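Structure, as structure tokens:
Order of the sequence lines sets the chain letters (A, B, ...), proteins ahead of strands, with each chain counted from 1. These numbers were taken from a predicted model, which means no experiment stands behind them.
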Amino acid sequence: MRVSRLFLSTLKEAPAEAELVSHRLMLRAGLIRRLASGLYTWLPLGLRVVRKVEAVVRREMNATGAVEVLMPAIQPAELWQESGRWDHYGPDLLRVKDRHDRDFCVGPTHEEVIGDLVRREVKSYRQLPVTLYQIQTKFRDEIRPRFGVMRAREFLMKDAYSFHADKAGLDVTYQAMYEAYSRIFASLGLRFRAVAADTGAIGGTGSHEFHVLADSGEDAIAYCPQSAFAANVELAEALAPSGRRPDASETMRKVETPGKKTCEAVCEQLGCDIRKSIKAVMVHASGKLHMLLLRGDHSLNEIKAAKLPGMERLRLASAEEIKEATGCAPGFIGPVGLSSAVSIIADRSAAALADFVCGANEADYHLAGVNFGRDLPEPAIVADIRNVVSGDPSPDGAGTLELCRGIEVGHIFQLRKKYSDAMNIAFLDEGGKLQTVEMGCYGIGVTRIVAAAIEQNHDARGIIFPAALAPFQVAIVPIGANKSDEVRSVAEQLYQDLNDAGVEVLLDDRDERPGVMFADMDLIGIPYRIVVGERGLKNGELEFKQRREEKAANVRLEQIVEHVCSRLQAEA
RNA sequence: CGGGGCGUAGCGCAGCCUGGUAGCGCGCGUGCCUUGGGCGCACGAGGUCGCGAGUUCGAAUCUCGCCGCCCCGACCA
């Protein structure tokens, strides 16, 4: 490809809307352009990168025995009503009506459609197991699209669905997918981690997420360097502190703490360890208020709390609700002397405290030396409702946890029979008995991977594409082509030779100054650059430089094609 | 939806407080010059100042409403 025909459009300055490095670079390098909130056009250069991701995904999916299909992006409402998700999916589901006033949606995922297909086609256990996948445009009407294609509303996703006669069959494919995903992200040159995950809206039981590690990631991951344990913080279990609770040694006393609304501030004033304070979080669930108790240095994990009986759809209580229940404003509330209308749920770590500090349910006052069983009843419910922190013991009993951040690029689920029961996806087993299928689903955010890869691979000059993702493998930059016939003809010949050798090569044939060409080729992240200039040609040499390196190497003109090919092969 | 901020040339911004002529840098066009890291000089094109009302002799500037976008919280590939 010649730059003059590529429709390449780079920017010196990034549009103000872009916050994240990858977003800025994708705009500056001319990979994408924004059409509307959460909607992006892929320019030719960017589309080539997307195709690279797709190619790796297809190769590995096919290798597992999965077969590709393509389902409609628009789906009839009836299927979603049948699965129950028409009412439960919420506003992320973009609903549309056709000219006959019939309801449809723009697919955010395809369990219903694939389920409908399979129940029509699969009649016998002899047809199982089967795994179908597609690479399709999805639409989720995100509350807040952001970070360019990282969290877009419309995006490209590889989604696969497997169907099995029994759980053992599902386990086999789930494991195969886990391994295929690991190969995909490794092939793409990404530093990633597979973690145990919450199943969210898709539903089901077993689940793993694949995260590209990046400080800008939206997810927090807990992992144990001493073992294989890794889980999304949403899910990672905080173990109960070991040993039994110490005996009470202090008497409860009321202390004045004017304006101290946080555990940090209160403990600082009292000179006490924040790990001996209790923070009370008031939430509303199932029509009543609940006070959640956490150790002062811990934070509430709403997902864990919402899994407790009667706590579904919990939300933080409003200031008015808190005032009504405790007679005091947020910042000074606590579990002592609380109305019995409010149930108390204590985190394991909070429940293990003795002689602790907590709010007095009176503005500008806290209580110190408080003890369960003496100053207030033992908490009715003790559960794991906090986020793990660095240094917590690993749930698998080996070592301690560390935290890092990740970008979720893949997610695999064991759906079991959630959809097959709802939609009656059934087959006849060996005994002629009708059974519903076991089902798994497996997603990869194709377009998100492009952003994640850039997030992980860039420098001050721009993108540094991993080999497998690069839109071109080599860029040829001729210097002074307009005044040197030799430079021009050597560059053209090299362009042709590399193309003939099967190398994806980009020739910068623009009549630009060297600095412009260098800057653009660096910005768009082509892994290798060959400079053709009179300076080198005098000695029969060309310059060959890797994007990550500062220095270029001189290579004999007659050896350059072979040199390039061997370097590319060494990487593959 | 709640909280914060922004909308002025393709991009990045100034002007707005204290109403009166719309400006800078980059990019774009033409010419000259230059040619190994976003070169220099000259000339030039390009703007319903987000939209709609209102106040005023006069509104980019003040007021109100609407729209769009960005950032922080609940969603997720």
Side-chain angles (χ1 to χ4, degrees), chain A residues 9-20 23-24 27-28 30 33-38 53 57 89-93 108-110 135-160 181 197-202 207 209-212 217-219 232 234 302-303 306 313-316 318 406-413 441-452 461-462 477-484 487 510-523 529 531-536 543 545 550 552:
Chain A
S9 181
T10 58
L11 301 170
K12 271 191 192 176
E13 293 175 285
E17 68 195 41
E19 180 85 352
L20 216 58
H23 188 194
R24 297 174 65 86
L27 290 168
R28 285 191 54 212
R33 289 290 181 258
R34 192 183 72 87
L35 176 65
S37 178
V53 178
V57 169
Y89 205 91
D92 270 22
L93 186 64
T109 175
H110 279 71
I135 296 178
Q136 240 285 18
T137 296
K138 307 286 193 208
F139 191 95
R140 294 183 188 172
D141 200 354
E142 296 275 348
I143 303 161
R144 183 151 87 87
R146 58 188 130 171
F147 305 146
V149 299
M150 191 77 87
R151 177 174 296 282
R153 292 194 291 179
E154 187 178 293
F155 58 99
L156 204 55
M157 178 172 165
K158 185 285 299 179
D159 48 325
Y181 273 41
D198 185 66
T199 50
I202 307 277
S207 171
E209 291 169 352
F210 289 78
H211 286 264
V212 165
E218 294 186 78
D219 284 271
N232 195 307
E234 291 174 350
E302 291 187 34
I303 291 174
R313 291 210 287 279
L314 103 179
R315 60 165 174 81
L316 293 179
S318 66
I407 300 164
E408 186 188 358
V409 290
H411 201 157
I412 58 178
F413 302 84
C441 89
Y442 319 90
I444 287 183
V446 172
T447 40
R448 179 180 282 182
I449 283 177
V450 178
R461 293 203 174 108
V477 178
I479 306 290
N482 57 350
K483 67 166 193 188
S484 165
V487 167
R510 297 174 297 177
D511 184 16
E512 283 288 356
R513 303 177 59 80
V516 173
M517 293 191 280
F518 289 148
D520 276 346
M521 293 306 109
D522 284 345
L523 176 61
R529 184 184 81 192
V531 173
V532 181
E534 284 191 300
R535 190 197 281 173
E543 273 175 36
K545 188 177 105 52
E550 271 308 308

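- Taking atom P in both C71(B) and A59(B), the straight-line distance is 35 Å, to the nearest Å.
- Using atom P as the reference point in both G20(B) and C49(B), the two lie 15 Å apart (nearest Å).
- Atom CZ of R153(A) and atom P of A77(B) are 18 Å apart (whole Å).
- The pairing partner recorded for A45(B) is none, the criterion being a Watson-Crick or G-U wobble arrangement whose two distances lie under 3.5 angstrom.
- Pairing partner, A53(B): U63(B), with both Watson-Crick or wobble hydrogen-bond distances short of 3.5 Å.
- C51(B) sits 13 Å from G10(B) when the P atoms are compared, rounded to a whole Å.
- The separation of G44(B) from U35(B), taken at their C1' atoms, amounts to 25 Å, rounded to a whole angstrom.
- For C76(B), its base sits under 3.5 Å from the side chain of R151(A) at one donor and acceptor pair at least.
- Taking atom P on both U8(B) and G4(B), the two are 22 Å apart, rounded to the nearest angstrom.
- Under 3.5 Å, the side chain of R144(A) and the base of G2(B) form no donor-acceptor pair of N or O atoms.
- Rounded to whole Å, the separation between the P atoms of A9(B) and G50(B) comes to 8 Å.
- Spacing of C1' atoms, G15(B) relative to A60(B), comes out at 8 Å, to the nearest Å.
- Pairing of C1(B), defined by two Watson-Crick or G-U wobble distances under 3.5 Å, is identified with G73(B).
- The side chain of R513(A) contributes no N or O atom lying less than 4.0 Å from OP1 or OP2 of G36(B).
- In this structure, C17(B) makes no Watson-Crick or G-U wobble pair, since no nucleotide meets both defining distances under 3.5 angstrom.
- Under 4.0 Å is where a charged nitrogen must lie from a carboxylate oxygen, and between R461(A) and E550(A) at least one such pair does.
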List, with names and distances, any nitrogen or oxygen atoms from the protein found under 3.5 Å away from nitrogen or oxygen atoms belonging to nucleotides 22-28 of chain B.
| from | atom 1 | to | atom 2 | distance (Å) |
| --- | --- | --- | --- | --- |
| G25(B) | N2 | E13(A) | OE1 | 3.0 |
| C26(B) | O3' | K12(A) | NZ | 3.3 |
| G27(B) | OP1 | K12(A) | NZ | 3.3 |

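- The nucleotide whose nearest atom lies closest to any side-chain atom of P514(A) is, among G73(B), G36(B), A77(B), G36(B).
- Between C39(B) and A45(B), the distance separating the two P atoms is 23 Å to the nearest Å.
- Between C71(B) and R146(A), no contact under 4.0 Å exists linking OP1 or OP2 to a side-chain N or O.
- In the set G36(B), G73(B), G38(B), G38(B) carries the atom at the smallest distance from any side-chain atom of L523(A).
- Mapping K545(A) and A152(A) onto RNA chain B by nearest heavy atom places K545(A) at the nucleotide closer to the 5' end.
- Both thresholds, 5.5 Å between centres and 30° between ring planes, are met by F155(A) relative to the base of A77(B), so the two rings are stacked.
- Not one side-chain nitrogen or oxygen of T10(A) sits closer than 4.0 Å to the OP1 or OP2 atom of G38(B).
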